[in-house]
Amino acid sequence: MVTPIALVDCNNFYASCERLFQPALRGRPVVVLSNNDGCVIARSNEAKALGIGMGDPWHLNKEKFAKHGVIVRSSNYTLYGDLSGRVVTVLRAFTPDLEVYSIDEAFLSFEGFSQLDQHARTLRATVLQWTGIPVSVGIAPTKTLAKVANRTAKKTAAMEGVCNLMAPSDQELALSQLGLTDLWGVAGRLAAKLEALGIKTPLQLRDADPSWLREHMGVVMERMALELRGTPCQALTLAVAHNKSIIASRSFGQAVTQRHELEQAVAMHISRAAEKLRRQGLVAGVVMVFVTTNPFRPQDRQYVASRTIGLPVATADTTVLLKAAMLATVRLWRDGFRFKKAGVTLLELSPAATVQGDLWTAPDSPRSQALMKAMDRINAVHGRETVKLAASGIERKWKLRSEQRSPHYTTDWNDLLRVE
DNA sequence: TCTGGGGTCCTAGGACCC
DNA sequence: TCTGGGGTCCTAGGACCC
């Protein structure tokens, strides 16, 4: 028996959130802008009807927006996160088997319900009544088809926000009305590759030989074709896993050309990332720093780079993470470029409790101080070593990466600690 | 002259999503 | 002049090990 999967997706989520607290915005075109008011990240239906696209830069569209009376809001992620939580709370009343996929979407198992459409309509009405947020529901045997169903529900007014694609004939009809890039997981590059192979429509993709697809396009596309046929390849992930990476990054208001400016920005990002890390009760084993020049200025020489530093012991101590980040920054710095964006990524995350308790997470704690001192004494660079952190009484096997394997990955902590 | 090969780990980067 | 930020997964290919 196939388990029906429902994808619940909030309509124009950020725009709907803004409307909630300002009813005057209802019925009018509303757009929400990205962090630095750079570009459009959400649009009400009225704004979409004006031809305003996702990602449209604000500075190129100010006049157009003014002309059409478009209401422009800066984004308020705290508000959106709060409302997202309320929506999820309501959804949990309908089934405990739920995967929160993003801030405005969740996959729900509808296993055991016979009146799927009615159940979805009740859910939709309840969410609207209790939170004020309109949602659409797509029901299908697989996640990929549930995405198709949800899209169809949004596009077809007569469906009133609910589309059930459990029946193969309905799947066929819905797929026939889409292009390749309408599919979840297919954007421009993959679509171009598929077309070069003679696959030009979602139905052709569905009917292609999976093993042939795997050979020419990889395992992801093979799974996609199977999911389009109604064979689930992606289960609901009900347990909430901790993050695998934490990023903090920003674009510069003005291009950065001096190293100290970049270092200052990286220090800020590390501080933010470390806060997130501690808030989630995690420690990081790897620090990466990345920079890019401005791709919208083709007249500039372009440079996109990242450097990765492995730590001898996973930590959430800002001081330690900062030292690693500073070394990475020195290593990727190049004179003569105009940098537009910089950021840090924390990787190899694990719960703090599994790494000698929470002690590492306390900034400037005696244990962290001890770690810093211990790192001073680490000399070995090549081969496998057992790093003894005698000062902290902790011994941990650490496979040191050799410098020959990659110039970007270092465990030369003397080098690291020389960086001021 | 002949010059292994499979398994695994790692990094970098591509591609996508919201 | 001004074009976001935060994530995940996959793979090619180098390096290493035995």
Side-chain angles (χ1 to χ4, degrees), chain A residues 7 9-10 12-14 31-42 53-63 74-75 77 80-81 84 100-106 143-144 147 150 180-194 214-215 217-224 233-234 237 241-255 269 272-273 276 280 285-286 288 290 292-298 304-310 332 338 340-349 382-384 399-411:
Chain A
L7 173 61
D9 190 321
C10 301
N12 314 326
F13 184 52
Y14 296 170
V31 301
V32 178
L33 299 178
S34 61
N35 255 13
N36 303 327
D37 288 346
C39 56
V40 173
I41 54 170
M54 192 70 171
D56 282 359
W58 185 38
H59 74 274
L60 295 180
N61 290 281
K62 278 182 190 173
E63 291 173 16
S74 295
S75 43
Y77 293 102
Y80 311 150
S84 173
V100 178
Y101 176 68
S102 73
I103 193 162
D104 70 337
E105 288 170 82
K143 283 184 173 179
T144 305
K147 275 275 187 182
N150 193 285
L180 281 177
T181 53
D182 295 327
L183 296 173
W184 183 42
V186 181
R189 309 226 162 130
L190 287 180
K193 266 176 138 181
L194 284 168
R214 185 188 193 115
E215 189 186 332
M217 298 288 298
V219 64
V220 176
M221 202 52 72
E222 178 193 27
R223 280 184 207 147
M224 179 163 318
C233 299
Q234 304 187 56
T237 42
H242 69 70
N243 277 24
K244 294 186 173 173
S245 63
I246 288 174
I247 297 180
S249 69
R250 282 285 182 277
S251 296
F252 297 117
Q254 264 192 326
H269 297 325
R272 280 179 53 225
K276 290 192 206 178
Q280 297 182 36
V286 167
M288 183 173 88
F290 59 91
T292 70
T293 46
N294 190 344
F296 296 104
R297 287 177 58 93
V304 175
S306 66
R307 292 293 182 271
T308 309
I309 305 289
L332 57 62
R338 295 164 51 83
K340 176 59 185 168
K341 180 176 176 175
V344 303
T345 305
L346 304 179
L347 295 156
E348 283 186 21
L349 309 185
H382 303 298
R384 290 169 197 272
K399 186 183 167 191
L400 295 169
R401 282 79 168 174
S402 89
E403 284 289 315
Q404 290 102 339
R405 292 178 70 168
S406 165
H408 309 319
Y409 206 113
T410 184
T411 43

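Here is how names work: the chains are called A, B, and so on, in the same order as the sequence lines, proteins then strands, and each is numbered from 1. Since this is a predicted model, take the numbers as computed values, not measurements.
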Residue [X], side-chain heavy atoms: nucleotide from [options] that is nearest:
X	options	answer
A:V219	C:dT11, C:dT8, C:dT3	C:dT11
A:R250	B:dC16, C:dG5, C:dG4	C:dG5
A:K244	C:dC9, C:dT3, B:dC17	C:dC9
A:N36	B:dC17, C:dG4, C:dT3	C:dG4
A:W184	C:dT3, B:dC18, C:dG4	B:dC18
A:C39	C:dC2, C:dT3, B:dA15	C:dT3
A:F296	B:dC18, C:dC10, C:dG4	C:dG4
A:K147	B:dC18, B:dC17, B:dA15	B:dC18
A:S34	C:dT3, C:dG4, C:dG6	C:dG4
A:K341	C:dT3, C:dG5, B:dC18	C:dG5

Sugar-phosphate, base or nothing in reach of [X], heavy atoms under 4.0 Å:
X	answer
A:D104	sugar-phosphate
A:N243	sugar-phosphate
A:F13	nothing
A:I246	sugar-phosphate
A:K62	nothing
A:E105	sugar-phosphate
A:K276	sugar-phosphate
A:L346	nothing

Any [X] side-chain N or O less than 4.0 Å from OP1/OP2 of [N]:
X	N	result
A:S245	C:dT8	yes
A:K340	C:dT3	yes
A:R189	C:dC10	no
A:R223	C:dC10	yes

### Message
Can you work out whether A:A248 or A:V220 has the more 5'-proximal nearest nucleotide on DNA chain C?
### Response
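With A:A248 and A:V220 compared, the 5'-side residue is A:A248.
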
Rounded off to whole Å, could you give me the [atom1]-to-[atom2] distance for the [X] and [N] pair?
X	N	atom1	atom2	result
A:K193	C:dT11	NZ	P	10 Å
A:Q234	C:dC10	CD	C1'	13 Å
A:N61	C:dT3	CG	C1'	10 Å
A:M217	C:dT11	CE	P	11 Å

### Donor-acceptor contact present, side-chain A:K276 to main-chain A:I247, <3.5 Å
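Looks like yes, one N/O pair under 3.5 Å.
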
### Message
Given 3.5 Å as the limit, does a donor-acceptor pair link the side chain of A:D104 with the main chain of A:F13, or not?
### Response
no

### Task
If the plane angle is over 60° it's perpendicular, under 30° parallel, otherwise tilted; pick one for A:Y14 and A:Y80.
parallel

### Message
Give me the distance, rounded to whole Å, that separates C:dC18 from B:dC2 when you measure between the P atoms they each carry.
### Response
29 Å

### Distance in Å, A:L7 CG paired with A:N150 CG, rounded so as to fall on 0.5 Å steps
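The CG atom of A:L7 sits 4.5 Å away from the CG atom of A:N150.
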
